[in-house]
Amino acid sequence: MGRFTMAVFVPKRYLFLSGLLILHIVLGIMALDYWIMYREERKVLATGAQVILDPGHGGVDPGALSGEVKEKDIVLDVVQRMSHYLEEQGYSVVLTRDADVDLGGELAPGRHRRDLQARVRVINQGQVAVSVHCNTIEDSSQRGAVVFYQKGSEAGKQLAAALLGELNKVQLLNDNRPLPRENLFLLRTSRIPTVIVELGFLSNQEDRQKLMEPGFRQQLAEALSRGIINYLEQNALSSTTRWL
Ligand SMILES: [Zn+2]
């Protein structure tokens, strides 16, 4: 009798435990599947976005100057590196300029405004835009990156924060908060989430030296690109959540 009870009791207990184990495994696989599907969908939604990159100045307008170093050349190089990186990740990228040109047309009064208007026309065809610049200031001790967004734009602020989060890993930040601006033409007239990034100060010796190094420009380009991707994936996630 004792033997019989034991013989029945033990396998039943194991049966229950192994059933529980199988249930756990099945639930685990389902959760993993769901998570992978969710992540993939988020990626697909994010890569559907058109990224607009705007290297500041160009052509007759060199931007900030420090000896032979010109802002227009540095920002074009960084933007071209960003474009390669983002395209490798599956994003479609449009540049407002891909050469040493300005978009203002003839050298006549209003050229600067026409240049900015032409950039905004391109920007408004995308889903997200980053305009890249270098700073200059009389106080040569000022250094590091800053990111501006249109005051009142929650999406702009979120994009700026995403870029700062990645920039912070490769470059000193002059201010680690997204900086709101009320009256910068490009930000004010853009209809999509847009930020202006100042990579560093050409008026500062350390920043200038670093910005002249191709390796550092590559680091900046990758950091900014990762920031854009993070922003797009976060937003794709929230739209998926709404859809679900
Ligand atoms: Zn500039």
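Just so you know, these numbers come straight off a predicted model, no measurement behind them. Indexing begins at 1, ligand by ligand and atom by atom, following the structure's order.
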What protein N/O/S atoms are there under 2.8 Å from the Zn ion (ligand 1), waters excluded? H57 NE2, E71 OE2, H133 ND1

If we count only N and O atoms by modelled type, under 3.5 Å, do the side chains of R143 and N174 hold a donor and an acceptor together? no

Can I get a per-line list of side-chain donor-acceptor pairs under 3.5 Å for residues 152-163, giving both atom names and the distance, sequence neighbours left out?
residue : atom : partner : partner atom : Å
S153    : OG   : G156    : N            : 2.8
Q158    : NE2  : Q234    : OE1          : 3.4

How would you list, by chain and number, every residue that makes a salt bridge (Lys or Arg N to Asp or Glu O under 4.0 Å) with R208, sequence neighbours excluded? none

Are Y91 and V79 joined in one hydrophobic group, where the rule is that I, L, V, M, F, W and Y side chains link up if heavy atoms are under 4.5 Å apart? yes

Under the side chain to side chain contact (heavy atoms under 4.5 Å, CB included) test, residues paired with T189 that sit two or more places apart: V120, F185

Among R119, R121, R97, which residue satisfies the salt bridge (charged side-chain N to carboxylate O under 4.0 Å, His left out) criterion with D54? R119

